[in-house]
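Reviewing the structure listed below.
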2 protein chains.
Amino acid sequence: MNVTRDIAGKETSATHGAYLTLREMILTGALPPGEKLKIEQLRGLLNTGASPVREALSLLTSDMLVERIDQRGFRAAPVGKANFEEILTLRCTLEPMALRASIANGAADWEERLVLRHHHMKKASQRDATDFEVAHKAFHMALLDNAGLPMLERYCAQLYDLNIRYRNLAAGGASYRKRSIATEHQEILDAALDHDADAATDLLISHYRRTGEYLSRQMEA
Amino acid sequence: MNVTRDIAGKETSATHGAYLTLREMILTGALPPGEKLKIEQLRGLLNTGASPVREALSLLTSDMLVERIDQRGFRAAPVGKANFEEILTLRCTLEPMALRASIANGAADWEERLVLRHHHMKKASQRDATDFEVAHKAFHMALLDNAGLPMLERYCAQLYDLNIRYRNLAAGGASYRKRSIATEHQEILDAALDHDADAATDLLISHYRRTGEYLSRQMEA
DNA sequence: CCCCTCCAAAATATCGATATTATTTGACAC
DNA sequence: GTGTCAAATAATATCGATATTTTGGAGGGG
C-alpha cells in the first residue's frame with residue numbers, strides 16, 4: 001500500500017515531493033505524533049533514495065512538524081496542550097498584526113483577490129471536504145498577504161498548519177462542527193473590505209478562540 | 001586556507017558542524033548576501049561530503065539565512081531595507097510579548113539566571129568582542145526563556161540572529177557604537193527584577209529601535 | 001533480584017559515483 | 001551587430017554502498 005501521491009504530473013524534485021507527502025501525512029495524522037520516522041521505511045514508502053527523505057525531514061524540522069535528535073534520527077513532533085495553546089496565542093497575536101497591515105496597505109487588487117478566494121471557498125464547501133480545506137487556507141492567507149511582511153506571513157502559514165494538525169488529530173473524522181463558520185468568514189471579509197481593522201481583527205480572533213478553546217478542552221495534559 | 005573550525009573536540013555530526021560553520025559565515029558576512037553557495041566548493045571548505053553540506057543548507061533555509069531555488073541550488077539570503085525593517089518590527093512585537101510572559105511567571109531561579117548572565121556579559125565586554133557577542137545573546141535570550149513559550153523563543157532567537165547579521169554587514173568592523181548600551185542593559189535587568197513589565201518592555205523596545213533606526217538610515221533601497 | 005558489561009542487530013550518517021538539469025560558449029544565420 | 005540554437009561544461013539532485021552509532025538483549029557478577 002503506497003501512500004505516495006502519484007497524482008498529476010509535476011513532481012519537481014524528489015526532495016520536494018517527499019516533503020509535500022510527508023508533511024501531508026503528519027498533518028492528517030497518518031504519521032501520528034511521536035512516531036519514529038525511519039529512513040529506510042520512508043524510503044520504501046516514497047520509493048526514492050535516502051538523501052531526499054533525509055532532506056525532506058530536515059525541512060519539516062523547521063516547520064516544527066518533525067523533531068530531530070542528533071545521531072538518533074527523526075520523529076513526528078509530539079503534541080500537547082501547552083503546545084496547542086502556544087500556537088493559539090501566537091496566532092492571535094500575529095494574524096491580527098498582519099491583517100491590520102494588509103488593510104492599511106489596502107490596494108484594490110487585494111480586495112478583488114479576497115472576494116475571489118472567499119467565493120472559491122464557498123463553492124468548495126459544497127463539494128469535497130479536502131477542497132474546502134485548501135480553499136479555506138487560501139482565504140485566510142489572502143487576508144494576510146497584502147501586508148508586505150513576508151516573514152510574518154510565513155510564520156502565520158506555519159502556525160495555521162500546526163493548528164490544522166491538532167484539528168485533524170482531535171476530530172476522528174470531519175467533525176469540525178459547522179457552527180456558523182460561513183457567517184464568520186463573511187463577516188471578516190466584509191470588515192476587511194470596509195477597511196475596518198478593529199472589527200476585522202476582533203472577528204478573526206474570536207473565530208480562532210472559539211474553535212481553539214473547544215479543542216483545548218478535549219485535551220488532557 | 002581552511003575556514004572550518006578545528007577547535008576543541010566535540011563535533012557531534014558532520015551535518016551539525018557544517019550547519020554551525022556555515023551559519024557563522026553567513027552571520028559574519030564571510031559569505032555575503034546573494035552569494036551562490038556551490039556544494040562542491042563548500043564540500044571542500046568543510047572537508048566533508050555533499051550530503052552533510054546539503055542538509056546543513058536545508059536547515060539554514062528555515063533560519064532564513066539561505067535561499068533555495070529548486071533545481072538551481074542555494075544562495076545566501078539577500079538583504080534589504082524592507083527585510084531589515086520587518087525584522088525590527090517583528091522583534092518589537094514578539095520580544096515584549098515573551099518578556100511579559102517571563103516576568104509574569106517570575107520564578108526565583110529565573111531571576112538568578114538573569115543576574116548571572118548579565119554579570120557574564122559585563123565581564124565579557126571587557127575582554128573579547130566575540131565573547132561579548134555570545135554573552136549578549138545569552139542575556140537577551142534569558143530575558144525571554146521563562147515565558148514557557150518555546151516556539152516564541154525560537155522565533156525571537158531567529159530574529160535576533162538575523163538582526164546581528166545586518167549589524168555585522170553594516171559595521172565594517174566593531175563599530176557598534178557603545179552608546180549607553182551598558183546602562184540600557186542594566187535598566188532592563190532592574191525593571192525585570194522589579195517585575196515591572198511595562199517599564200521593561202518599553203526599555204527593550206527603545207533599546208532595539210535606537211540601533212535599528214540608525215542602521216536603517218545607512219541602507220539604500 | 002537488580003545492575004553492569006559486552007555482543008549482535010538495526011538504524012543513522014556519510015561517502016563516492018552517476019544521472020539530470022541548468023548554464024555557458026561559440027558558431028551561424030539574419 | 002544581434003539573436004538563436006546546439007553542443008560542451010558545470011552544477012545540482014539522487015542513488016547505492018559503507019562506516020559509525022545506537023539499541024536491545026544475553027550472560028555473568030554483585
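Chain identifiers are assigned alphabetically (A, B, ...) following the order of the sequence lines, protein sequences preceding nucleic acid strands; residue numbering begins at 1 within each chain.
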- Task: Using whole Å, report how far NE2 of B/H16 lies from P of D/dT21.
- Result: 16 Å

- Item | Interatomic distance where CD1 belongs to B/I39 and C1' belongs to C/dG16 [whole Å] | 15 Å

- Ignoring the backbone of B/Q71, work out which of D/dA11, D/dC15, C/dA22 is nearest its side chain. C/dA22

- Message: Tell me whether the side-chain N/O atoms of A/T48 come closer than 4.0 Å to OP1 or OP2 in D/dT14.
- Response: no

- Interatomic distance where CZ belongs to B/R43 and C1' belongs to D/dA10 [whole Å]: 15 Å

- Note on the structure: Rounded to whole Å, the CZ-P distance (A/R75 to D/dT22) equals 15 Å

- Task: Identify, between B/G73 and B/S51, the residue whose nearest nucleotide on DNA chain D lies closer to the 5' end.
- Result: B/G73

- Atom CG of A/D70 to atom P of C/dT12: distance rounded to whole Å? 13 Å

- Message: Can you see if the side chain of B/R72 gets near the phosphate of C/dT23 - specifically, an N or O under 4.0 Å from OP1 or OP2?
- Response: yes

- Message: In whole Å, I'd like the distance from the NZ atom of B/K36 to the P atom of D/dA10.
- Response: 14 Å

- Message: Tell me whether the rings of A/H136 and A/H140 are parallel (<30°), tilted (30 to 60°) or perpendicular (>60°).
- Response: perpendicular

- Can you find a side chain N or O atom of B/T15 that sits less than 4.0 Å from OP1 or OP2 on C/dT14? yes

- Is there a donor in the side chain of B/E85 and an acceptor in the side chain of B/S216, or the other way round, less than 3.5 Å apart? yes

- Just how far, in rounded Å, is P of D/dT18 from CD of A/E40? 14 Å

- All side-chain contact (heavy atoms from CB on, under 4.5 Å) counterparts of B/E40, not counting sequence neighbours: B/R43

- Message: So B/L37, base contact, sugar-phosphate only, or nothing? Heavy-atom distance under 4.0 Å.
- Response: sugar-phosphate

- Message: Tell me whether B/E213 is salt-bridged to B/R209, with the criterion being a basic N under 4.0 Å from an acidic carboxylate O.
- Response: no

- Task: Would you kindly give the CZ-to-C1' distance between A/R68 and C/dT12, to the nearest whole Å?
- Result: 10 Å

- Message: Whether the side chain of A/Y155 engages the backbone of A/R91 through a donor-acceptor N/O pair (distance < 3.5 Å, no angle test) should be reported.
- Response: no

